[in-house]
Amino acid sequence: MPEIAIRLPDGSEVRCPAGTPADEAVKTEGLMAVLVDGRLRDAYTPLTADCAVEPVTADHPAALEVLRHSAAHLMAQAVARLYKNVEFAIGPTIEDGFYYDFALEHKFTPEDFVKIEAEMQRIVKENLPIRRKVTDKAGARAIMEGQGAKYKLELLEEVGDEPLSFYTQGEFTDWCRGPHLPSTKSIRHFKLMKVAGAYWRGDEKRDMLQRIYGTAFLTADALKDHLRFLEEAAKRDHKKVGQQLKLWSFHEEGPGFPFFLPHGMVLYDTVVDHVKRMHFDRGYQQVKGPIILNEDLWHRSGHWDHFHENMYFTAIDEKMNAVKPMNCPGHLLIYKEDLHSYREMPLRFFELGLVHRHEKSGVLNGLLRVRAFTQDDAHLFCELDHVKEGIKEVNQLVFDMYRDFGFTEFKAAVATRPEKAMGSPELWAKAEAALAEALTEQGMAFKIKPGEGAFYGPKIEFNIKDSLKRDWQCGTVQVDFSMPERFDIEYMAADGQMKRPVMIHRAILGSMERFLAILTENCGGAFPLWLNPRQVAVVPVSEEKFGAYARTVGGRLKAAGLRTVVDTRDESLGKKIREATQLKTNYILVVGAKEQEAGTVAVRRRDGADLGARPLDAVVETLLRERETRSVNPLME
RNA sequence: GCCGAUGUAGCUCAAUGGUAGAGCAGCUGAUUCGUAAUCAGCAGGUUAGCGGUUCAAGUCCGCUCAUCGGCUCCA
């Protein structure tokens, strides 16, 4: 046997005979896998040549991935033991865990999870070695035919002639790239989460399989933390919070059409006010088009061809009309009312546009996915040479807006030409390049989403990250050469020629409804002062004795524009404080004899902190500062 | 749209196939209170809707609707 040299991360080198398994060469406790020359491999992989080996143990970034992949196999094995005639599809890892798709007669219920988890534990205890075997396509086919695995056979037909690996643990064998843990014994901290239907290969025309989602972690604490996180997210659910704080509601009578209650409307208007101010400061002109427009317009715009399944139609005097799903055609009509000059460019039309889109019933979800929503929509018309500047200007507004609403982390992606697209590929390429260049010049990293552009142009998608580290898509910026063409819009260029402008479609918060849901879940309903519909509650210790002073205090606050309630109900002080706190009122001002005499208020924050008596003037001053600076944290300390 | 689960008072939840109940909220009265629930009384329901099985249905079956979790789609 020739000797080979193994380099370890600490710079040391060991020599061993070629073919030595990696785990024997590196001799590391708790080895889950190894990186051989940077490639993830099984711990027992034979080393055949000089190489660099990095051990993957529990603290390695790749550890979770390996663990979860093995957990998916573990679950599949348990399912195979417990149920008859199970067909296996695929079982990958995902962000928070793993899933496996099965086809079988039995319908899984969450009660089955107990049984499956118990079987999984049993397999863990059996300490089955997980071993890799490589075969060729014919060998693979033989194995799969033996298993009656029609889904896997279908996938097999699509791969080339490269060697294929199978992993076996006990009686269970699965086609898999790997790597896997060396044994089932180290999969300890897992939980099956939910069962759901999933189309085979994500195609709604094909079989509906049963998917079980699970998660697995390296330690019991990490699993517990994850479950706690999910609980926290559930507590912050905007539907729940919206009901508790009486912000919005949903009714059977209008699925997908949310109701805004008085306090929700205050929140909505506060957001709108800020959005408008930011746009006016940047040269946008607000417009508003009608909600219903005749069908011809939608043929001209291309929406009928590309979007009509999502549109609502309504007859007026026997003529067909469409309820608008987008605002752009309206803005094009407005554009065409005047002769435009290059001197006005970029021309910026802004609309809080109420659009209706027919969404499939199964996708509706609170305010996050509705059938009628208001977009913070705008269209910029610019000269061809200035498209990139236009995009950059818009992007800057996007960044500013997210920061103002307290979102400091966001990501961008460029979505390119979809299959159903209008306009020439050359124009698409040009538009895609403009978007990418603008982002690059602004130092904004982005990824590419192939084929995910709108039918009339490629787009930048902006995602914000909330306080629970979840991503939400909000803004889009789209470059469009087609719509100006279709509507034959022009402007007078500096050289006296009539030219065709380019259109930039953009929304920043996206849908106001959706954004309010995100805002709500970001803070769990405990809105920063500037946004909160309930900013201050004034609570007299006794209504009879101090009610008048409480109303005076309330009057001062209201005069300063602070959203204030004076709670003069015949209830105990403790109860009024409790209720105001539960409604996430930023500040509770308690007034009694001492305060009345001294012209002060006793300040209590919603987090329970009792700040003691403060002069009313000072309180008003601080609250106004907190509001004007849009502070996320309370300024009263 | 597809797969699955769920639907009881305004809210949160109980109720072996055998008279639908509690807490909170609401109303009335008492209480005037110093930092997260004062006390008492009253009222509140075609158990999502429609149909079926049964002597008897909140409970079992079917259909419809809505919601939730996923899939597909998407702001």
### Ring centroid separation A/Phe102 to A/Tyr83 under 6.0 Å
no
### Query
When you check the side-chain N and O atoms of A/Asn586 and A/Asn532, is any donor under 3.5 Å from an acceptor?
yes
### Query
So, does the side chain of A/Arg604 form a donor-acceptor pair with the base of B/A36 at under 3.5 Å?
yes
### Message
Please confirm whether the shortest side-chain N or O distance from A/Tyr587 to OP1 or OP2 of B/U35 is below 4.0 Å.
### Response
no
### Task
Assess whether one donor atom and one acceptor atom, taken from the side chain of A/Arg514 and the base of B/A75, lie less than 3.5 Å apart.
no
### Message
For the residue pair A/Lys420 and A/Phe455, would you count it as a cation-pi contact if the rule is NZ or CZ under 6.0 angstrom from the ring centre and within 45 degrees of the ring axis?
### Response
no
### Message
Taking the ring centre of each residue, are A/His251 and A/Phe257 less than 6.0 Å apart?
### Response
no
### Task
Please answer whether B/G70 and A/Tyr213 are stacked, defined here as ring centres separated by less than 5.5 Å and planes angled under 30°.
no
### Message
Quick check on B/G70: is either OP1 or OP2 less than 4.0 Å from any side-chain nitrogen or oxygen of A/Lys194?
### Response
yes
### Query
Phosphate oxygens OP1/OP2 of B/U32: is one of them under 4.0 Å from a side-chain N or O of A/Ser542?
no
### Query
Just to confirm, is there a sub-4.0 Å distance from OP1 or OP2 of B/G1 to any side-chain nitrogen or oxygen of A/Lys205?
no
### Task
Determine: side-chain N/O of A/Lys459 to OP1/OP2 of B/C74, distance under 4.0 Å, yes or no.
no
### hbond_proxy A/Glu579 side chain to B/A25 base (donor-acceptor, 3.5 Å cutoff)
no
### Query
Distance check: side-chain N/O of A/Asn365 vs OP1/OP2 of B/C74, anything under 4.0 Å?
no
### Query
Donor-acceptor pair under 3.5 Å: do we get one between A/Glu595's side chain and the base of B/G34?
yes
### Query
For the side chain of A/Arg369 and the base of B/C73, is some donor closer than 3.5 Å to an acceptor across the two?
yes
### Message
Counting only side-chain nitrogens and oxygens, does A/Gln210 get under 4.0 Å of the OP1 or OP2 atom of B/G70?
### Response
no
### Message
Quick check: A/Phe350 with A/His379 (ring centres under 6.0 Å apart)?
### Response
no
### Query
Does the B/G1 base have a donor-acceptor partner in the side chain of A/Tyr199 within less than 3.5 Å?
yes
